[in-house]
Number of protein chains: 2
Amino acid sequence: MSCTITLKEKGLKLTPQRRLILEIIHDSEGHLTAEEIIEYVQTRVPGVNKSTIYRTLELLEGLDCVFRSEISGRHVYHHAEEGHHHHAVCRSCGKTIDCDEDLFSSIERTLESKFGFHADLHHMVIPGLCRNCQQKVQPAK
Amino acid sequence: MSCTITLKEKGLKLTPQRRLILEIIHDSEGHLTAEEIIEYVQTRVPGVNKSTIYRTLELLEGLDCVFRSEISGRHVYHHAEEGHHHHAVCRSCGKTIDCDEDLFSSIERTLESKFGFHADLHHMVIPGLCRNCQQKVQPAK
DNA sequence: TTTCATGCAAATGATTTGCATAGTC
DNA sequence: GACTATGCAAATCATTTGCATGAAA
């Protein structure tokens, strides 16, 4: 993994905890919330502390090994090798659809030319309803 | 204000606190964070409690008197009469540019036809850099 | 005079931080 | 052995909640 090399180059240590966290993010397609990562880490190796995981994630983000974004205030991570892209997330079932990086590029161009605003639309989370959940009856509650 | 009528119709009470909060949201163009609203309310009437303000905002959202969205985990409100629209927010100076409601409509169409995904892109917050801040030298830190 | 709303204080929940100890290089 | 990383516990910070009191209708 390129990340382990990056760690070494920076004089940072490759601890078992960091290996494990890297491995988990690496093996998952799509994004993981910080909580999911904590859960998976602790399932495999009980006793690893939350703080360690948060600190590692912050570190890896700084090294551009993982990208971080936010879904309703929570941190969400995916590994950098996936490249930038967007997620359409179903608010009913949670299913995620990965979308192309340039989905928003026309909007970036519009904002640039209209307002001179340089938008960062690199890893958007798009809320909505997936095909299946649209078909379910939506109770008026 | 239509909101006060809505309150009465629902058998809800029009208290001074609610009046004030409505007035503040109404008088501001653009969005306000919950914290800003709390600050403005307490400047005008010291002693109004945070919980009251949060509860009122929640209530007003339920009545569709205000719209709520999120900027980096924080609640952000604007009054409903402005209609749906989007904000391009400069991450350097905080300046906000209001954008047209249908800025994202082509993306909505793309997601719909490609994946059958029904996106809710009603009140997006678009991070980026405004014209002025792009011109400032970006120190490498 | 009966709901509904407020204030207060305490709870929440994700994330962060200080500090002593332990592990990597 | 030096310096970094970890675990633990306590601190944050925005938001929420329970409950007794107070105010609209």
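Every chain is numbered from 1, with letters handed out A, B, ... down the list of sequences.
- Counting only distance, with no hydrogens or angles, the side chain of B/Thr52 and the backbone of B/Val48 share no donor-acceptor pair below 3.5 Å.
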Just the table, please: protein N/O against nucleotides 22-25 of chain D N/O, every pair under 3.5 Å.
from	atom 1	to	atom 2	distance (Å)
D/dA24	N3	B/Lys13	NZ	3.2

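- In terms of phosphate contacts, B/His75 brings a side-chain nitrogen or oxygen within less than 4.0 Å of OP1 or OP2 of D/dT15.
- Listed in residue order, the members of residues 50-58 of chain B having a heavy atom less than 4.0 Å from DNA chain D are B/Ser51, B/Tyr54, B/Arg55.
- Listed by first and then second residue, the side-chain hydrogen bond (donor to acceptor under 3.5 Å, both in side chains) pairs that reach into residues 53-64 of chain B come to none, sequence neighbours excluded.
- The hydrophobic cluster containing A/Leu121, built from Ile/Leu/Val/Met/Phe/Trp/Tyr side-chain heavy atoms closer than 4.5 Å, also comprises A/Ile97, A/Leu103, A/Phe104, A/Ile107, A/Leu111, A/Phe115, A/Phe117, A/Met124, A/Ile126, B/Ile97, B/Leu103, B/Phe104, B/Ile107, B/Leu111, B/Phe115, B/Phe117, B/Leu121, B/Met124, B/Ile126.
- Residues satisfying the side chain to side chain contact (heavy atoms under 4.5 Å, CB included) criterion with B/Asp98, sequence neighbours excluded, are B/His85, B/His87, B/Thr96.
- Applying the salt bridge (charged side-chain N to carboxylate O under 4.0 Å, His left out) definition to pairs two or more places apart or across chains, none involves residues 6-15 of chain B.
- Qualifying side chain to side chain contact (heavy atoms under 4.5 Å, CB included) partners for A/Glu70, counting only residues two or more places apart in sequence or in other chains: A/His75, B/Glu70, B/Ser72.
- No donor-acceptor contact under 3.5 angstrom links the side chains of A/His86 and A/His122, judged on distance only.
- Taking only side-chain nitrogens and oxygens, B/Arg74 never comes nearer than 4.0 Å to OP1 or OP2 of D/dT15.
- Between B/Leu59 atom CG and D/dT16 atom P there is a gap of 13 Å when expressed in whole angstrom units.
- Applying a 4.0 Å cut-off to non-hydrogen atoms, none of the residues of residues 34-46 of chain B approaches DNA chain C.
- If you walk DNA chain C from 5' to 3' and mark each nucleotide with an atom closer than 4.0 Å to a heavy atom of chain A, the marks span C/dA14 to C/dC25.
- Scanning all heavy atoms of the two residues, the minimum distance from A/Cys130 to A/Cys90 falls at N-SG, 3.4 Å.
- To the nearest angstrom, P of D/dA5 lies 11 Å from CG of A/Leu60.
- Considering only heavy atoms from C-beta on, A/Val76 stays 4.5 Å or farther from A/Leu32 through its side chain.
- In this structure, the side-chain hydrogen bond (donor to acceptor under 3.5 Å, both in side chains) partners of B/His118, at least two apart in sequence or on a different chain, are B/Glu112.
- Under the rule for a side-chain hydrogen bond (donor to acceptor under 3.5 Å, both in side chains), the partners of A/Ser51 that lie at least two apart in sequence or sit in another chain are A/Asn49.
- Under the 3.5 Å distance criterion, the side-chain polar atoms of B/Gln134 are matched with a main-chain donor or acceptor of A/Gly116.
- Residue order along DNA chain D, read from the 5' end via each residue's closest nucleotide, puts A/Leu7 first among B/Arg68 and A/Leu7.
- Pairs passing the salt bridge (charged side-chain N to carboxylate O under 4.0 Å, His left out) check and including a residue from residues 114-125 of chain B, sequence neighbours excluded, read A/Arg91-B/Asp120.
- What separates CG of A/Leu63 from C1' of D/dT4 is a distance of 14 Å, to the nearest Å.
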